Structure formats: structure tokens, C-alpha cells
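Since we're looking at a predicted model, the values are computed, not measured.
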Amino acid sequence: QVQLAESGGGSVQTGDSLRLSCTASGRTFTDYAMGWFRQPLGKEREFVAGISWSGSNILYSDSVKGRFTISRDNAKNTVYLQMNSLKLEDTAVYYCAADDIRFPFRRNVVPRTRDVYDYWGQGTQVTVSL
């Protein structure tokens with residue numbers, strides 16, 4: 001098992017930046033692809049960004065491409081989400097998630113589907129206002 005803890009959320013204005021962090025504990029961090037999801041109030045949880053164990057494969061949703069950057073530091077067991085040029089519609093609870101790679105052929109897979117991810121953090125609120 002792995003435990004995930006997000007931090008870095010807060011209230012900002014449009015155009016500002018925030019960096020979210022998610023620190024993992026438990027099993028070996030490089031056993032997992034990592035993803036960031038978000039859930040606006042009253043809406044479904046949606047994929048934001050994902051990164052393979054080595055960082056060689058990265059995916060973004062169209063809504064954040066060019067504004068958000070996902071990265072990971074395997075020595076620190078941490079995945080980051082740098083969020084720039086924040087918009088009102090970025091307001092949501094942000095969750096990090098871990099996908100257990102399990103098999104060698106999945107080592108560069110970055111899932112977009114939330115059901116594939118095995119472990120979730122508790123979430124951190126990001127609120128963007130005018």
C-alpha cells in the first residue's frame with residue numbers, strides 16, 4: 001500500500017500561480033505512475049495530469065495544457081503540480097492518485113481514467129477568484 005498526502009492548496013486570484021505537492025509513503029514510489037485529478041463542487045472528478053514512474057511520459061487534459069506542469073522527484077517520493085495562469089474554472093478539490101504499475105509492460109503507461117488508480121490522497125482545495 002501507499003499513503004498519499006497533498007498540500008499546497010489555497011485561495012488565489014485569477015492569473016496567480018500555485019504549486020501542489022503530494023508526498024507518498026509506504027511502498028516504493030517508483031512502483032507507481034502518478035496522477036492529479038480535480039473535482040469541482042457538484043461535478044465529476046476529472047483527470048488533470050499524469051506522469052510515468054520515470055517522468056518520461058506525461059499527459060495533460062486539454063483544459064490545463066500549457067498552464068500546468070506535473071513533475072516528480074523520486075528521491076523525495078513527491079509529485080508536484082505547478083499551476084500557472086489560474087482561472088476561475090480551476091476551482092476544485094485537487095487529488096493526487098497512484099497507479100500500481102504491477103507489470104513491466106505498463107511501466108510507461110499514464111492512465112487518464114480514475115478507476116485505474118489504486119490509491120488516493122485526501123484532496124486539497126484550490127479556490128480561484130477575481
* Y117-Y32 co-clustered via ILVMFWY side chain contacts under 4.5 Å -> no
* Shared hydrophobic cluster, Y80 / L18 (ILVMFWY, side-chain heavy atoms < 4.5 Å) -> no
* Report the C-alpha separation of V128 and T14 in whole Å, then their side-chain angles, then the decisive distance to 0.1 Å, and conclude whether the side-chain contact (heavy atoms from CB on, under 4.5 Å) test is met. => CA-CA 6 Å; V128 184; T14 54; 3.8 Å; yes
* Answer with yes or no whether the hydrophobic clustering places I101 together with V110; edges join I, L, V, M, F, W, Y residues whose side-chain heavy atoms lie under 4.5 Å apart. => no
* For the pair N74 (side chain) and S54 (backbone), establish whether a donor and an acceptor sit closer than 3.5 Å, ignoring hydrogens and angles. => no
* Asked: Rounded to the nearest 0.5 Å, what separation is found between the OG atom of S63 and the CZ atom of R38?
  -> 4.5 Å
* If you round to the nearest 0.5 Å, how far is OH of Y95 from CG of L20? -> 13.0 Å
* Is it true that W36 and I58 fall in one hydrophobic cluster, defined by side-chain heavy atoms closer than 4.5 Å? -> yes
* To do: Answer yes or no: is there a donor N or O on one side and an acceptor on the other, between the side chain of D99 and the main chain of A33, under 3.5 Å?
  => no
* Asked: Between K87 and D90, is there a salt bridge with N-O shorter than 4.0 Å?
  -> no
* Determine the minimum heavy-atom distance between R106 and D100, stating which atoms define it. => NH1-O, 3.1 Å
* Structure fact -> Heavy-atom closest pair (Q39 atom, K43 atom, distance to 0.1 Å) is NE2-O, 3.1 Å
* Determine, using the 4.5 Å side-chain heavy-atom cutoff (strictly less than), whether V126 and W120 are members of one ILVMFWY cluster. => no
* For the side chain of Q82 and the backbone of T69, is there at least one donor-acceptor N/O pair under 3.5 Å apart? -> no
* Using distance alone, with no hydrogens and no angle criterion, decide if T127 and T91 have a side-chain donor and acceptor under 3.5 Å apart. => no
* Separation of S21 OG from R72 CZ (nearest 0.5 Å) -> 13.5 Å
* Asked: OG/S56 to CD1/I51 distance, rounded to the nearest 0.5 angstrom?
  -> 8.5 Å
* **Donor-acceptor contact below 3.5 Å, side chain Q122 vs main chain A5** => no
* Hey, can you tell me if Y94 and F68 have their rings parallel, tilted or perpendicular (30° and 60° cut-offs)? => tilted
* Audit row: V12, M83, side-chain contact (heavy atoms from CB on, under 4.5 Å) steps and yes/no -> CA-CA 11 Å; V12 296; M83 305 186 294; over 6 Å; no
* To do: Compute both the distance and the angle, then confirm whether R45 meets the cation-pi test with F37: under 6.0 Å from the six-membered ring centre, within 45 degrees of the axis.
  => no
* Between L59 and R112, is a side-chain contact (heavy atoms from CB on, under 4.5 Å) present by the stated rule, with each step listed? -> CA-CA 8 Å; L59 297 178; R112 290 180 177 267; 4.0 Å; yes
* Decide yes or no on salt bridge (Lys or Arg N to Asp or Glu O under 4.0 Å) for D118 and R27, but give the supporting numbers first. => CA-CA 13 Å; D118 301 288; R27 274 181 53 191; over 6 Å; no
* N84 and S17: side chain donor to acceptor below 3.5 Å -> yes
* Asked: Has E44 got more than 12 heavy atoms of other residues, nucleotides or ligands less than 6.0 Å from its CD?
  -> no
* Structure fact -> One should read off an interatomic distance between Y60 OH and R67 CZ, to the nearest 0.5 angstrom, of 12.0 Å
* Structure fact -> For A24 and L4, the nearest pair of non-hydrogen atoms, with its separation, is CB-CD2, 3.7 Å
* Spacing of CG belonging to L81 relative to CE belonging to M34, to within rounding of 0.5 Å -> 11.5 Å
